[in-house]
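Note sheet for the following structure.
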Amino acid sequence: MDTILALRAMFGTAILGAGAVGAATLLFPHGAGKYVFFGAATVDPYLRILGALWLSLGLVAGLGLLQPTEFIPVLLIQLIYKSAWLVVVAYPAIIKGHREAGLLFLSGLFTVWVAALCFVIPFADLFQ
């Protein structure tokens, strides 16, 4: 697959994923708490700031559709924060026996996303 096309696919997915989930979490936190976080989230200002962050990533990803290589840092942010969450929070919790649906779902989703980003981001070009 062409690098630009692959980057655009990732940005498009980020718009739908981060943007939609972010908007729902920010604007409809009770619904997001129930459906996105499987009822495991407490609706408070901290959940809503997460929604604002995800919404902003989704909106900026829209610019990545127009200029994919210039907006790779948006994908790098997603790669770093999702990897950090998986390594520090999710995988240790799963190893300790926590098997909540929300944790398993987000862990699986983030694992696939991180793997895809590792293949799509042109790291060699970034470090020239």
Side-chain angles (χ1 to χ4, degrees):
M1 178 182 264
D2 178 287
T3 301
I4 299 298
L5 182 60
L7 287 170
R8 284 193 169 122
M10 296 305 286
F11 283 119
T13 305
I15 292 167
L16 296 174
V21 170
T25 303
L26 180 62
L27 303 172
F28 310 105
H30 294 284
K34 182 176 179 182
Y35 297 108
V36 175
F37 299 103
F38 296 89
T42 302
V43 175
D44 59 18
Y46 306 109
L47 178 68
R48 295 180 92 176
I49 198 167
L50 179 62
L53 172 65
W54 282 344
L55 176 61
S56 66
L57 286 171
L59 293 173
V60 175
L63 298 173
L65 287 175
L66 302 173
Q67 298 177 329
T69 56
E70 287 81 0
F71 285 88
I72 287 175
V74 173
L75 298 178
L76 286 172
I77 290 168
Q78 290 191 350
L79 175 67
I80 293 166
Y81 96 79
K82 288 178 182 184
S83 296
W85 182 79
L86 286 167
V87 170
V88 174
V89 178
Y91 295 155
I94 291 168
I95 290 169
K96 289 179 183 175
H98 296 281
R99 302 284 195 269
E100 296 86 14
L103 176 65
L104 295 176
F105 175 76
L106 283 178
S107 298
L109 184 67
F110 281 17
T111 299
V112 169
W113 188 255
V114 165
L117 288 172
C118 287
F119 284 107
V120 170
I121 294 172
F123 290 101
D125 295 342
L126 290 178
F127 298 113
Q128 283 185 350

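We count residues from 1, following the sequence as given.
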Take atom CZ of F119 as the centre, draw a 6.0 Å sphere, and report whether it contains more than 12 heavy atoms from other residues, nucleotides or ligands.
no
Quick one: pull up CZ in F11 and OG1 in T13 and give me the separation to the nearest 0.5 Å.
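Taking CZ in F11 and OG1 in T13, the distance rounds to 11.0 Å.
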May I have the list of side-chain donor-acceptor pairs in residues 48-77 shorter than 3.5 Å, sequence neighbours left out?
{"unit_1": "R48", "atom_1": "NE", "unit_2": "L26", "atom_2": "O", "d": "3.0"}
{"unit_1": "R48", "atom_1": "NH2", "unit_2": "L26", "atom_2": "O", "d": "2.8"}
{"unit_1": "W54", "atom_1": "NE1", "unit_2": "Y81", "atom_2": "OH", "d": "2.7"}
{"unit_1": "S56", "atom_1": "OG", "unit_2": "A52", "atom_2": "O", "d": "3.3"}
{"unit_1": "S56", "atom_1": "OG", "unit_2": "L53", "atom_2": "O", "d": "2.6"}

Could you list the donor-acceptor pairs under 3.5 angstrom formed between side-chain atoms of residues 97-115 and any protein atom two or more places apart in sequence or on another chain?
{"unit_1": "R99", "atom_1": "NH1", "unit_2": "I94", "atom_2": "O", "d": "2.3"}
{"unit_1": "S107", "atom_1": "OG", "unit_2": "L103", "atom_2": "O", "d": "2.6"}
{"unit_1": "T111", "atom_1": "OG1", "unit_2": "Y91", "atom_2": "OH", "d": "2.6"}
{"unit_1": "T111", "atom_1": "OG1", "unit_2": "S107", "atom_2": "O", "d": "2.6"}
{"unit_1": "W113", "atom_1": "NE1", "unit_2": "Q78", "atom_2": "OE1", "d": "2.8"}

If Ile, Leu, Val, Met, Phe, Trp and Tyr residues are connected whenever their side-chain heavy atoms lie under 4.5 Å apart, and connections chain through other members, are F123 and I80 in the same group?
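Different hydrophobic clusters.
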In terms of hydrophobic clustering (I, L, V, M, F, W, Y; side-chain heavy atoms under 4.5 Å; direct or indirect links), are V89 and L79 co-clustered?
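Linked, V89 and L79 end up in one cluster.
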